[in-house]
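Here is the structure we will look at, set down as structure tokens.
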Amino acid sequence: MPSPQPSTPNDRPAGPAANAMRVRILGGGVAGLTCAHAFARRGARVTLIERRSATGQGCSWYAGGMLAPWCERESAEPIIAELGFESLDYWRHAVPDVPNEGSLVLAPPRDLPDLRRFARRTEGFEWVDGARIAALEPDLGGRFDQGLFFSTEAHLEPRKALAALTRTLVDEYQVTIRYEADGLEADGLDEGDAPADVVVDCRGLAARDVLADLRGVKGEMLVLYSREMSLKRPVRMLHPRIPVYIVPRGDGHFMIGATSIENDERGRVTGRSMLELLGAAYALHPAFGEAEIVEIGADVRPAFPDNIPRLRRRGNTIYVNGLYRHGFLAAPALARRAAALAFDGTPCPEVMDEDRREW
Ligand SMILES: Cc1cc2nc3c(=O)[nH]c(=O)nc-3n(C[C@H](O)[C@H](O)[C@H](O)COP(=O)(O)OP(=O)(O)OC[C@H]3O[C@@H](n4cnc5c(N)ncnc54)[C@H](O)[C@@H]3O)c2cc1C
């Protein structure tokens, strides 16, 4: 039996009841942590098992953290924007420091047709001229004549956000986290040693052992440090071959991302990718040419063939996977659906394909 919970202040959850649903989450990336939150908020007794020594250090470690459902609408299916708006609202309440500064989409003069094409494929923006761009981002003043401003979007620092969410889970919801343990060998790992009622598999690409159609899409990124540059919001630079984005991380740090390469191997950042990412940053502002390279990173995004994330259910296991480029944008909304499925049996056909035969 679990030990009795200490009394908690009125504004904090009281902790799970003794007869609460027992849930085991495999994996402590953005999918696993948001699922732990969604189940714990519904009163479940949650144990999360992470094979590394900390949460958030898989693919989620390398994310840019753009919460940009309108911008993603340009290239993603409508369901991504739908999940994205819900998740945007979640992050604003779940973690501190979510700057609501919107996002800016720019293109060099020769690529203005790309800007017009981008505008045609999405909504939620206003056209901005050079003066307005300079007012929004003074350091970009005089460099661009036209852009798109998505004022209702936001961004976060993924590493800080997942660390904050982990603290919330442990301190406020009494979620047990077991580190350096393999969730597939979970006997005795659940709270109180009783077997879990529900297992939520959020192992990212490692779940390829059971999700046969999961593939890897390599993404590469850099973190630069510049004393000269200042940006308030993510800036996307359109380019026919290598669209990139720059996300301000505070204290002169900028995340530059991200390549998207059909490749299951994590490997290292290639010279070509480095050239392209740095070239785009330099095109945004030459001050990035003088910036220090603080970090070079690569990981492999888990994706299904149509790049749409899925919930799948087999027996008492729910798989939450295929987050592709939309881990932070989609995970909270998927997690809420996973909890609704387990607690209420609520189907969510928009992200489930239970009639599949091959799995
Ligand atoms: C360069 C780059 C930039 C990106 N930018 C963005 C962005 O701006 N916005 C956005 O929304 N998304 C972005 N993404 C995508 C996002 O990072 C992924 O969609 C997301 O991280 C996937 O989360 P996950 O929890 O499924 O997987 P992961 O983060 O990989 O988490 C899986 C976890 O499971 C653990 N695990 C695996 N096997 C086991 C086991 N047997 N037992 C226990 N634990 C196990 C792993 O250690 C890991 O911690 C980006 C990705 C990359 C690579």
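Note that ligands are numbered from 1 as they come in the structure, with each ligand's atoms numbered from 1 the same way.
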* For atom 32 (C) of ligand 1, which candidate among Gly28, Gly27, Cys202 holds the nearest heavy atom? -> Cys202

* For atom 7 (C) of ligand 1, the option (of Gly65, Gly327, Gly58, Ala207) bearing the nearest heavy atom -> Gly65

Any salt bridge between [X] and [Y], counting N to O under 4.0 Å?
X      : Y      : answer
Asp299 : Arg266 : yes
Glu185 : Arg24  : no
Arg215 : Glu262 : yes

* Asked: Aromatic rings His253 and Tyr225: how do their planes relate, parallel, tilted or perpendicular, breaks at 30° and 60°?
  -> tilted

* Asked: So Phe118 and Phe150, would you call those rings parallel, tilted or perpendicular, with 30° and 60° as cut-offs?
  -> perpendicular

Just to check, does [X] reach to within less than 4.0 Å of ligand 1 when the distance is taken from its heavy atoms?
X      : result
Gly257 : no
Gln57  : no
Asn321 : no
Ala181 : yes
Leu26  : no
Trp61  : no

Which ligand 1 atoms are under 4.0 Å away from a heavy-atom of [X]?
X      : value
Leu323 : 19 (O), 26 (O)
Gly204 : 26 (O), 27 (O), 32 (C)
Ala258 : 1 (C), 3 (C)
Tyr324 : 15 (C), 16 (C), 18 (C), 19 (O)
Ala206 : 37 (C), 38 (N)
Asp182 : 40 (C), 41 (N), 42 (N)
Ala31  : 25 (O), 26 (O)

* salt bridge (Lys or Arg N to Asp or Glu O under 4.0 Å) partner of Asp264, chosen from Arg208, Lys218, Arg301 -> Arg208

* CA sep, side-chain torsions, deciding dist, call: Tyr282, Phe288, ring-ring contact (aromatic ring centres under 6.0 Å, His included) -> CA-CA 5 Å; Tyr282 185 72; Phe288 282 116; 9.4 Å; no

* Asked: Hey, is ligand 1 close enough to Gly32 that some N/O pair sits below 3.5 Å?
  -> no

* Asked: Looking only at heavy atoms, which two atoms of Ala287 and Met229 are closest? And how far apart?
  -> CB-CG, 3.7 Å

* Asked: Is the CG atom of Asp145 crowded by more than 12 outside heavy atoms at less than 6.0 Å?
  -> no

* **Glu295 CD: over 12 foreign heavy atoms closer than 6.0 Å** => yes

